[in-house]
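For reference, the structure discussed in these notes is given below.
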Amino acid sequence: QKEVEQNSGPLSVPEGAIASLNCTYSDRGSQSFFWYRQYSGKSPELIMFIYSNGDKEDGRFTAQLNKASQYVSLLIRDSQPSDSATYLCAASGGFKTIFGAGTRLFVKA
Amino acid sequence: ETGVTQSPTHLIKTRGQQVTLRCSSQSGHNTVSWYQQALGQGPQFIFQYYREEENGRGNFPPRFSGLQFPNYSSELNVNALELDDSALYLCASSPEWMTYGYTFGSGTRLTVV
């Protein structure tokens, strides 16, 4: 069974801090990796995708990929209360994208 | 540019009944994927349609079936509903089957009683 594993949390950080979210995947054939944000009662929203080993930055968000370790992470700098949500990690190796169960993040004002 | 729209937003059905959920993909997107998300879980892949053909399927029984139409809108049909089918059903569209990330619809909340 190909899986994406995430710590369910909750992860609690103070406003202005860096939030670090992690994910591992089991299928070495996965080629593309994604982070989605899902607010309670809403549908997931794509915030980052990464294909190559290393870091990719977009505003306050940095995605990191290490294919050798089968590890993906998301850093959120200057966390805001509006960042409080569930963050879903996903891996894609073709037609199928597999999601983790998500990590709940709380940013305390 | 319109996003992904799903209908209905909420639905209550009785065990054993059949249900059809609908999805209009984002303009320019030819691929639609359907996911089931139970409370507190991540989305589970049901199947994907690419240019009107089923392109791949997850671990769901045959009573879950679908269609994609020439305008790339899609339907998810579930027969013989079971209590465990209660979930949020998400439709996601992407420009090609090799996804560069999905645009999700707002989902259909199905409750089976």
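Below, each value reflects all heavy atoms present in this structure, side chains not excepted, and no hydrogens, waters or symmetry copies. A, B, ... follow the sequence lines: proteins, then strands. Residue 1 opens every chain. All figures in this text were calculated on a predicted structure; none of them were measured in a lab.
At a 4.5 Å heavy-atom cutoff, the contact between Y35(B) and chain A is made by side-chain atoms alone. Contacts between Q38(A) and chain B at a heavy-atom distance below 4.5 Å involve the side chain alone, from C-beta outward. Contacts between R109(B) and chain A at a heavy-atom distance below 4.5 Å are absent for every atom of the residue.
Per-residue heavy-atom pair counts under 4.5 Å with chain B were compared for A101(A), G41(A), G102(A), and the maximum is reached by A101(A).
Between P44(A) and L90(B), the closest side-chain pair of non-hydrogen atoms falls below 4.5 Å.
Expressed to the nearest 0.5 Å, how far CG of L88(A) lies from CD of Q37(B) amounts to 6.5 Å. The distance from the CZ atom of F45(B) to the CZ atom of F95(A) is 5.5 Å, given to the nearest 0.5 Å. The CD atom of Q44(B) sits 10.0 Å away from atom CZ of F99(A), with the distance rounded to the nearest 0.5 Å. Rounding to the nearest 0.5 Å places OH of Y102(B) at 11.5 Å from CG of L46(A).
Cluster annotation: V107(A) and F61(A) are assigned to the same hydrophobic cluster (Ile/Leu/Val/Met/Phe/Trp/Tyr, side-chain heavy-atom contacts under 4.5 Å, transitive). Grouping the Ile, Leu, Val, Met, Phe, Trp and Tyr side chains by contacts below 4.5 angstrom, directly or via other members, places Y89(B) apart from I98(A). No path of Ile, Leu, Val, Met, Phe, Trp and Tyr side chains, each step under 4.5 Å between heavy atoms, connects L88(B) with V112(B), placing them in separate hydrophobic clusters. Cluster membership check: F47(B) shares its hydrophobic cluster with F60(B), using side-chain heavy-atom separations under 4.5 Å among Ile, Leu, Val, Met, Phe, Trp and Tyr. In the hydrophobic clustering of ILVMFWY residues, with side-chain heavy atoms under 4.5 Å counting as a link, W35(A) and L65(A) come out together.
Note: Y36(A) and F104(B) meet the aromatic proximity criterion, with ring centroids under 6.0 Å apart.
A 6.0 Å sphere centred on CG of L83(B) holds more than 12 heavy atoms belonging to other residues, nucleotides or ligands. A 6.0 Å sphere centred on CZ of R77(A) holds more than 12 heavy atoms belonging to other residues, nucleotides or ligands.
Remark: side-chain polar atoms of S43(A) are not paired, donor with acceptor, to backbone N or O of G107(B) under 3.5 angstrom.
Closest heavy-atom contact between P43(B) and G100(A): CD-O, 4.4 Å.
Residues of residues 67-75 of chain B never come within less than 4.5 angstrom of chain A, heavy atom to heavy atom.
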